[in-house]
> 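The following block contains the structure, expressed as structure tokens.
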Amino acid sequence: MRRLIVAAGLVGLLGCGSGPQWTPTPCPACPPAGAAPADSSATAEGAPTLEEAEAFMAEVDVELKKRFVERERAGWVQSNFITEDTQEMAAETEQAAMEYLKVTIAAASRFDSLTEQMPPRLRRQFHLLKLAGVLPAPKDSQKTAELAKLVSDMQARYGKGKYCPEKGGPLHKELARDAKNAEALACKPGEGGVDLGVLSKLLAESRNEPALREAWVGWRTISPPMRKDYARYAELGNEGAQAIGFDDLGTLWRSGYDMPPEAFRAEAERLFGQVKPFYEELHCYVRAQLQKKYGKELVQDGAPIPAHLLGNMWSQTWSNVYDLVEPFPGKGNADVTKALVKAGYDEIKMVKTAERFFTSIGLDPLPKTFWERSLFKKPQDREVVCHASAWDVHYNDDLRIKMCIQITGEELNVVHHELGHDYYFHYYYKEPVLFQQGANDGFHEAIGDAIALSITPGYLEKIGLGKKGAGGEEADVNYLMKMALDKVAFLPFGKLIDQWRWDVFAGKIPPASFNKGWWDLRTKYQGIAPPVPRSEADFDPGAKYHVPANVPYIRYFLAFIYQFQFQRALCKAAGHEGPLHTCSIYENEAAGAKLKALLQMGASQPWQDALAAMSGERQADAGAMLEYFAPLRGWLKKQVAGQKCGW
């Protein structure tokens, strides 16, 4: 998703563009560095009043929305047309907006003494304003310009990343089997090559270990040039955070969860602790199955799993190796990808199917402009950022998605997820701009994922993509295994990315130990290891989009916890009886009404209140996830009994 503004911050920076012609000049509406908002009551003398505070925030709402819109327009163009010019323009708009936020947050401090007297909604707007910049501007405007350019350059480098395989090598031979790769393979080292999509497809589908290893290493050749830039970005980001009263950038990011930042760190650890035993059982079982395929020399007992063998460029989800670990071969699981192809699905039909799910539970159809302005298919004539994202470019129901859709079962889930963001935008867009976001950023990610939990075998059968009458205990274990390879396997990865960044920002992981700190955490939490030795000449964090793009990541960890609580609550509203994993809320308007009530709240209330509105609970609880996977966990315990688990 692209547009998330407060709680844990923006995806990207806050931008202020210069209009539809995209001329590379500073935003004329943005105030100069050090200036308060034009005509702001914050310039008034004497003790502030509530009336002045309300007038100030009303003006900020108007001006901030203008800047958010300009930022989104610039961001949309940059993501869809990666050129030197769009990078430069995006950097300039980022700088202008950071300057605006810097002086506006400073001006808002005049009203700090009134905080306890403010009505709850006004008090919350002032609170969210202080958190509105996920990358706040340093005091020095030249440093602000430098910071904006660093992030723009790192994101563009990632988006244009390619690897040229060694001719005659295992990866080259493997990729040459597909004629579509011929042009990319006619590359020279450092000049062109295959992109992330091609490499990811190979990691997902191939079982050629040398080719997998080269693909894994090859993608990571794009990131070492970012290393120096990232160190400087962290330094300047900390300066900006300190300028508005935070210890460092990580403290700012952790302050968007309606609890003290250190309490939030402990909360993340508590939630992971609830699911850690289950993850370790899954890890133990998967390692044993991979050992059968690749041998004990490569996959050793009681050791971390080599990262390139798990079917994903970052080992963040493992469902692509399902064929190697399937508990009961052939039982129950439909090949959704094959069914989509057989049914003649294209990119538009994929999205129409997801939209139909939302309308079936009583939510509105997507606006006409969505179909006119979205990007569904990778263009052949230009570089784009294919990472799936959802947008409301003008903050007025201008809904879009940007996605290079593949006709696969996995991508069908992703489309449902991205539309979850768009429906959240749709139901809160009339709120003040600081409330136009999720109750926290984890909520925004969880909505679409909770909907995707309803893509059950029963739902797939209803829409013609599943097997009729498929079911039974063995089929259920297979289904839950495939789900767990995505949902449970992801949890430590979802937690550790920001843990690494928090420690970088706090100075606990210095630049000289960036890669060591990264792999220490990945081994500790995930139980994986790199397939070849890594050193500080590498910068493996930069090979994950969210790091160079400045996207806080703990939201995804939270979302994977919240979505099961949401599912449990929605299924209860739907009157579902039976195991939680069999519930689909498709065509149930009672569940849709429950969902709509949460969506309409946006960020107008603390996330605990929003969670209570959905579930009746005020604390995040991984127990719903454990309930969902209970049949699989019972089976897993038997499989790993007597094995040397852990690493």
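Keep in mind that what you see is a predicted model, and the values were worked out from it rather than measured.
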> Checking Tyr279 against Tyr525 for the ring pair (Phe, Tyr, Trp, His ring centres under 6.0 Å) test, could you report, in this order, the C-alpha distance in whole Å, the side-chain angles of both residues, the deciding distance, and whether it holds?
CA-CA 10 Å; Tyr279 175 80; Tyr525 283 98; 9.7 Å; no
> Please check this pair: side chain of Gln274 against backbone of Ala622, looking for a donor-acceptor N/O pair closer than 3.5 Å.
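Looks like yes, one N/O pair under 3.5 Å.
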> Nearest 0.5 angstrom please: Met483 CE to Thr456 OG1, how far?
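Between atom CE of Met483 and atom OG1 of Thr456 there are 9.5 Å.
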> For Trp502, does the six-membered ring have the charged nitrogen or CZ of Arg254 within the cation-pi criterion, i.e. under 6.0 angstrom from the centroid and within 45° of the normal?
yes
> Under 4.0 Å between a Lys/Arg side-chain N and an Asp/Glu carboxylate O for Glu418 and Arg400?
no
> Is it true that Glu617 and Arg568 make a salt bridge, defined as a side-chain N closer than 4.0 Å to a carboxylate O?
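The answer is yes: the pair qualifies as a salt bridge.
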> What orientation do Phe505 and Trp253 show, parallel under 30°, tilted 30 to 60°, or perpendicular over 60°?
perpendicular
> Assess whether atom NZ of Lys572 is packed by more than 12 heavy atoms of other residues, nucleotides or ligands within 6.0 Å.
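Atom NZ in Lys572 is not crowded, with 12 or fewer foreign heavy atoms closer than 6.0 Å.
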> Do side-chain atoms of His416 reach the backbone of Leu412 as a donor and acceptor pair under 3.5 angstrom?
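The answer is yes, because a donor-acceptor pair under 3.5 Å joins these two groups.
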> Given 3.5 Å as the limit, does a donor-acceptor pair link the side chain of Asp609 with the main chain of Ala613, or not?
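Such a contact is absent between Asp609 side chain and Ala613 backbone.
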> Taking the cut-offs as 6.0 angstrom to the six-membered ring centre and 45 degrees off its axis, would you call Arg71 and Phe68 a cation-pi pair?
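Relative to the ring axis of Phe68, which defines the angle, Arg71 lies inside both limits.
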> For the atom pair CG (Asp441) and CH2 (Trp607), what is the distance rounded to the nearest 0.5 Å?
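The CH2 atom of Trp607 is 12.0 Å from CG of Asp441, to the nearest 0.5 Å.
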> Output yes when Glu70 and Arg73 qualify as a salt bridge under the 4.0 Å nitrogen-oxygen rule, no when they do not.
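Here Glu70 does not pair with Arg73 in a salt bridge, since their nearest N and O are not under 4.0 Å apart.
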> If you round to the nearest 0.5 Å, how far is CG of Leu570 from CD of Gln565?
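Output value for this atom pair is 11.5 Å.
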> Ignoring hydrogens and angles, tell me if any N or O in the side chain of Arg124 forms a donor-acceptor pair with the backbone of Ala603 under 3.5 Å.
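Yes; at least one donor-acceptor contact below 3.5 Å.
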> Is there a donor-acceptor pair under 3.5 Å between the side chain of Gln436 and the backbone N or O of Gly602?
no
> Before accepting this row, confirm whether a basic side-chain N of the pair Arg123/Glu116 lies closer than 4.0 Å to the acidic partner's carboxylate O.
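No, this pair does not count.
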> Hey, can you tell me if Phe557 and Phe272 have their rings parallel, tilted or perpendicular (30° and 60° cut-offs)?
tilted
> Indicate yes or no: at least one non-hydrogen side-chain atom of Asp392 is less than 4.5 angstrom from one of Asp422.
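No, every pair of side-chain atoms sits at 4.5 Å or beyond.
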> Return yes if some donor-acceptor pair links the side-chain N/O of Ser615 with the main-chain N/O of Ala612 below 3.5 Å, else return no.
no
> How many angstroms lie between CD in Gln437 and CG in Leu131, if you round to the nearest 0.5 Å?
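These two atoms lie 9.0 Å from each other.
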> Is it possible for you to check whether Lys495 lies under 6.0 Å from the centre of the six-membered ring of Trp500, through NZ or CZ, and within 45° of that ring's axis?
no
> Taking ring-ring contact (aromatic ring centres under 6.0 Å, His included) as the criterion, tell me which of Phe564, Phe560, Tyr479 meets it with Phe629.
Phe564
> Please work out which of the three classes, parallel, tilted or perpendicular, describes the rings of Phe490 and Tyr556, given edges at 30° and 60°.
perpendicular
> Considering only NZ, NE, NH1 and NH2 on the basic side and carboxylate oxygens on the acidic side, decide whether Glu63 and Arg67 come within less than 4.0 Å.
yes
> When you measure from the centre of the six-membered ring of Tyr322, is the NZ or CZ of Lys482 under 6.0 Å away and within 45° of the axis?
yes
> Going by heavy atoms in the side chains, are Ile447 and Leu595 under 4.5 Å from each other?
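A side-chain contact under 4.5 Å exists here.
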> Do Lys402 and Ser374 touch side chain to side chain, with heavy atoms closer than 4.5 Å?
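A side-chain contact is absent here, since even the closest heavy-atom pair is not under 4.5 Å.
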> Should the pair Trp391 and Trp76 be assigned to parallel (<30°), tilted (30 to 60°) or perpendicular (>60°) ring geometry?
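Perpendicular.
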> Within 45° of the axis and under 6.0 Å from the centre of the six-membered ring of Tyr345, does NZ or CZ of Lys349 qualify?
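Cation-pi check for Lys349 and Tyr345: passes.
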> Donor-acceptor pair, Tyr553 side chain versus Leu496 backbone, under 3.5 Å?
no
> Have a look at Phe358 and tell me which of Tyr424, Tyr423, Tyr427, Tyr586 forms a ring-ring contact (aromatic ring centres under 6.0 Å, His included) with it.
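By the ring-ring contact (aromatic ring centres under 6.0 Å, His included) criterion, Phe358 pairs with just one of Tyr424, Tyr423, Tyr427, Tyr586: Tyr423.
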